[in-house]
Structures are given as C-alpha cells and as structure tokens.
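Since we're looking at a predicted model, the values are computed, not measured.
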Amino acid sequence: MIDWTRLEDVRERRRRAALETMLADRRAAEAQAAALRAAEDARAVAQRAKASHWQVAGADPALNVGALAGAAAWSRVLDERIAREGAAVAQAQARAQACAHAAKASREALRRAASGVEKAARLAQQARAQDRRIEDARLESMAEDLAAARWAARRSKD
C-alpha cells in the first residue's frame, strides 16, 4: 500500500529544494548581468577616453612630431586597456549566459517538481475517494446482510 502522505511530503520537499535552487540561480544570473553591464560600461569609458585623448591631441595648436609620438604611445596604452575591457566583457557575457541557462534549467526543474506535488496530491485524493467508495460499499453490503438476517429471523418467528 502506498503511503500517500509520505509521498506528498517527499514531493513537497523536492519542490522546496527546487525553489531554493531556482532562487539562487536567479540571484546569480542577476549578479552576472550586473557584472556584464559594469564591464560594458568600463569598456565604453576606455573607448571614450581614447576618443577624448585624440580630440585633445588634435586640438593642440603646438602639435609637433614629438607630441604626436607621445600621443600615439598613450593611444597604444589605451588600446591595450580597451582590449582588456573587451576581453572582460566577453568573459562576463559567457558567465551571464551560463547563469541564464542554469536559471532556465532550475525554473524547469521547479515546474517538474511542482507538477509532481500536484500529481501526488491528485493521486492521494483519488485513493482516498476510492477507499471511501470501498468502505461505503462494505457498509452497504453489511446493512443489506443485516436487513436480510432480520427479515429471515422475523419470518422464522412467524
């Protein structure tokens, strides 16, 4: 015989565990999305710094070969910084995507667990209804047997 209460409890524990996992995955995905935005912002700042650097260098009326060489050297430094920021964005995108996939998988696991809880409750309710029908049939049969025995006893007295 199936212990329906225990099955419902087990399924409910699984659902709660799946919910906790889903919430943790959601928080991680949100944190990674924030990290991605921060990396993209840092890259944009580096790109604006380089553009600003060349605007300032080009606007200098006393620009000479030595100043241009210094501006080019600083531009290479800024290019390296932009490249590092670009790599950081790519890594952040990969982490954010992995977290988003994990969050999606945990939402699906939660749906399955919730479905299991509902199914266990429905099956338990059906089993209880079946038990009530069997008990009702048994009581009805006993009542009929008792009525038949009373009728037979009255008939034998007459």
Out of curiosity, [X] [atom1] to [Y] [atom2], how far, rounded to the nearest 0.5 Å?
X: Trp74; Y: Arg81; atom1: CH2; atom2: CZ; result: 8.0 Å
X: Arg14; Y: Thr21; atom1: CZ; atom2: OG1; result: 13.5 Å
X: Leu7; Y: Lys119; atom1: CG; atom2: NZ; result: 10.0 Å
X: Asp79; Y: Arg84; atom1: CG; atom2: CZ; result: 11.0 Å
X: Lys157; Y: Arg154; atom1: NZ; atom2: CZ; result: 9.0 Å
X: Glu8; Y: Arg13; atom1: CD; atom2: CZ; result: 12.0 Å

Can you name the closest pair of heavy atoms from [X] and [Y] and give their distance?
X: Lys50; Y: Leu78; value: CA-CD1, 3.6 Å
X: Ala124; Y: Trp4; value: CB-CB, 3.6 Å
X: Leu110; Y: Arg15; value: CD1-O, 3.6 Å
X: Ser75; Y: His53; value: N-NE2, 4.0 Å
X: Ala29; Y: Cys99; value: CA-CB, 3.7 Å
X: Ala57; Y: Ala71; value: CB-CB, 4.0 Å

message = Starting from Met142, can I reach Leu146 by hopping between I/L/V/M/F/W/Y residues whose side chains sit under 4.5 Å apart?
response = no

task = Spell out, yes or no, whether Ile82 and Val45 are grouped together once hydrophobic residues are joined by side-chain heavy atoms under 4.5 Å, including indirect joins.
result = no

ask   = Has the side chain of Ser106 got a donor or acceptor atom that lies under 3.5 Å from a matching backbone atom of Ala102?
value = yes

Check: Arg95 side chain, Gln32 main-chain N or O, donor-acceptor pair, under 3.5 Å = no

inquiry  = Regarding Arg132 and Glu135, does a basic nitrogen lie under 4.0 Å from an acidic carboxylate oxygen?
reply    = no

key: Short N-O contact, Glu12 and Arg16, less than 4.0 angstrom   = yes

request  = Dump the intermediate steps for side-chain contact (heavy atoms from CB on, under 4.5 Å) on Gln93 and Gln97, then the final yes or no.
outcome  = CA-CA 6 Å; Gln93 284 174 332; Gln97 190 174 34; over 6 Å; no

message = A side-chain contact here means heavy atoms from C-beta on lying under 4.5 Å apart; do Leu23 and Arg27 qualify?
response = yes

query = Under 3.5 Å, is there a donor-acceptor pair linking the side chains of Gln130 and Arg133?
reply = yes

key: Enclosure of Arg150 CZ (heavy-atom neighbours >12, cutoff 6.0 Å)   = no

ask   = In terms of heavy-atom contacts, does CD of Gln125 have more than 12 from other residues, nucleotides or ligands at under 6.0 Å?
value = no

request  = Show the numbers, then the answer: is there a side-chain contact (heavy atoms from CB on, under 4.5 Å) between Glu140 and Glu144?
outcome  = CA-CA 6 Å; Glu140 189 175 311; Glu144 287 175 2; 3.6 Å; yes

